[in-house]
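Everything quoted here is computed from the prediction, not taken from an experiment. Each chain gets a letter, A, B and so on, in the order the sequences are listed, and its residues count up from 1.
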Amino acid sequence: MQSLKDGLIYHVQAIKAGFPLTIFTSNQLIHLYSRNGLFREAQKLFDEMPQRNVFSWNAIISSHIKAQNLKRARQLFDSASYKDLVTYNSLLSGYVSTDGYEDCALELFSEMNSLDYGIRIDEISLTTMLNLTAKLEVVSYGRELHSFMVKTANDSSGFAVSSLIDMYSKCGYFQEAWRVFSGHRGVVDLVSKNAMVAACCREGKLEVAVNLFWTEPELNDNVSWNTLIAGYAQNGFEEEALYLFVRMEENGFRRNEHTFASVLSACSGLRSCKHGKEVHAWVLKNGMTSNSFILSGIVDVYCKCGNMKYAKSVHAAMGFENSFSVTSMIMGHAFHGNLVEARRLFDSLAEKSTVVWTALFSGYLKSQKCEAVFELLSEFRAKESIVPDAAILISVLGACAIKAALDPGKQIHAYILRSRIEVDKKLFSALVDMYSKSGSITYAEKLFKRGSDRDIILYNVMLAGYAHHGHENKAIQIFNEMLERGIKPDVVTFLAILSACRHSCLVELGEQFFYSMKKDYNVLPEIEHYACMIDLYGRANQLDKAKELMRKIPIESDTIIWGAFLNACRVNGNTILAREAEERLLKLEGDIGDRYVQLANLYAAEGNWDEVCRIRKKMKGKEAKKAAGCSWLYVENGVHIFISGDKTHPRTEAINFTLALLAEELYQIS
DNA sequence: CTAGGGTTAG
């Protein structure tokens, strides 16, 4: 009686013929119905049974657990005529795997410890509790369980070892996971090996994971492959994930929903709409359209690629709530500038997790809507039940950095300290960046020096900070420091270091860095790096070198390059080349106010008033305007913005009066 | 005698 069909036929025939089912058969049918989601039928059969044994009770209780009805399961548990260790373990695992019932699991476990009628905790109870420990990330409790397992000789089966590895790894104790694994001289079952591979991936140790994977590869199953594919996808090695995905089938392993969920996440990382569509087609062909991980993965790929039309249609056709998909949609809309739609989706949610909030925060930040970020924070804080977490604060600090809002930034920092929010690498970098961009390079530096485990992001933030503040020596110093610590510089690092050279007109040093980035570090210069070099040559009035580099750019020249070149022409006073740059720019970007002003200034500097007139005429027809540069300051909670000759401030008179007084005083002092 | 509870991958 394996299939539901067989079971139903048997059941119907029994009823028709009027012969009673044995307890054994009824128990089997309850399981069969429960396995196939026919919970009501399972309950009906249980209710009609004239006699029941402990297997009947266990079957009906696990049926309710499977239906996620923990309350009903508990009622049946309490009223059960027969109970054994399986009954307890069933309910325990139900509690462990259902969100919100963790306390019940702990309570039940301690109850099991104090029972005196022959029920003793066994290996299954213990591995189930390790599962809970991993979920709650309480290593001290995990250690207690571990030592209890050693004492009672429950620590060496495959189940025990794999659960211990998983627990230590998920609690963040990789070394201890490794110790459990190697405690068996590396001779463990496949599941434990897979758990260790997963632990390595979680830790970012992909090389170790691969080595482990390829030791005794004949043991590997499709979980091993899925684990490694997921590891690559999650650590930014999307190409490798796709490569393994191909190799997996070549090696005769069946792909399943886990495989496709990971591959979709790799496609998202690559922003590859093409690959996303291929996987989407495969999913449709194989009827995997009911798996929420896969569906939200598809939505995410389309969102990341900006194909919101496709994303929307997949999302709308889902037919059930999927918070991952909604989050992707909110991010997708926001990142592609449609903040109204992002907000509408956000508002449509009855329950908003902090992840959804984070999506909207980061969306607003990405669109540089800093005021919206601050307003959203007030809105968030008005909710009583939730408090901002690190992810949200990173967005808020980002908004502070853009606005150079030092005071609000400091308040966030203070809030982090007060609330004892764990400062991970991302949050730490966001803090340093905020201080640096808000003008407080000293404090950024102080904080930076306090960071013990500096990664490339943090170094890049600090480098950019030094570059912007004109501390080129310090920039070079920490560049060397990061090399000494074995951190490989990336495109951002070089942009920062070149920009430090640019601001200080260090042509030779800049050239050194520029040419070594490809040669010594295998980092290909991007358009911004070329623009930076051209600007450096321009400022140093080395137009020939700028011209030479322009010819060598392998990427199609764009407005950034020509803009930098135009500036170089201005410094050099070369109006002939400037004219060429002007034509290229107007062709590339159309009529932009800023550019006309740049051009007009260029010709004006040469005293070439005919050209200035020509540009001015062009400007008038197109209503080109350049946004004026402004200065601003924060007074208490308000920001006050001034442009040259500004009389729009409500207290202009008072301000100018005070200014006059101050000027008078200064005059008297001198 | 045959049944039920636990581990790894998104």
### Query
What does A:A59 touch in the nucleic acid at a heavy-atom separation under 4.0 angstrom: a base, only the sugar-phosphate, or nothing?
nothing
#### Entry: Exceeds 12 heavy-atom contacts within 6.0 angstrom, atom CD of A:Q51
no
#### Entry: Ring-ring centroid check A:W57 A:F77, cutoff 6.0 Å
no
### Query
NA contact type, A:R202, heavy-atom cut-off 4.0 Å: base, sugar-phosphate, or nothing?
sugar-phosphate
### Query
Is the count of non-hydrogen atoms from other residues, nucleotides or ligands lying under 6.0 Å from A:K426 atom NZ greater than 12?
no
### Message
Heavy atoms only, 4.0 Å cut-off, all strands: where does A:N131 land among base, sugar-phosphate and nothing?
### Response
sugar-phosphate
### Query
Can A:H64 and A:L70 be said to form a side-chain contact (heavy atoms from CB on, under 4.5 Å), step by step?
CA-CA 7 Å; A:H64 286 290; A:L70 274 290; over 6 Å; no
### Task
Would you classify A:E257 as touching base, sugar-phosphate or nothing, given that sugar-phosphate means primed atoms plus P, OP1 and OP2, and contacts are heavy atoms under 4.0 Å?
base
### Task
Check every strand shown and say whether A:N27 touches a base, only sugar-phosphate, or nothing at a heavy-atom separation below 4.0 Å.
base
### Task
Answer whether the closest heavy-atom distance between the side chains of A:E239 and A:L270 falls below 4.5 Å.
yes
### Task
Return the orientation label for the A:F260 and A:W282 ring planes: parallel under 30°, perpendicular over 60°, tilted otherwise.
parallel
### Query
Using a cut-off of 4.0 Å on non-hydrogen atoms, how would the nucleic acid contact of A:N256 be classed: base, sugar-phosphate, or nothing?
base
### Message
Taking any heavy-atom pair under 4.0 Å as a contact, classify A:N220: base, sugar-phosphate, or nothing.
### Response
nothing
### Task
Quick one: label A:S162 by what it contacts on the DNA or RNA (base, sugar-phosphate, nothing), any heavy atom closer than 4.0 Å.
base
### Query
What nucleic acid atoms does A:L264 come within less than 4.0 Å of, heavy atoms only: base, sugar-phosphate, or nothing?
nothing
### Query
When we call it a touch if two heavy atoms are under 4.0 Å apart, what does A:T127 touch: a base, just sugar-phosphate, or nothing?
base
### Message
For a 4.0 angstrom threshold against heavy atoms of chain A, report the outermost contacting nucleotides of DNA chain B in 5' to 3' order.
### Response
B:dT2 to B:dG10
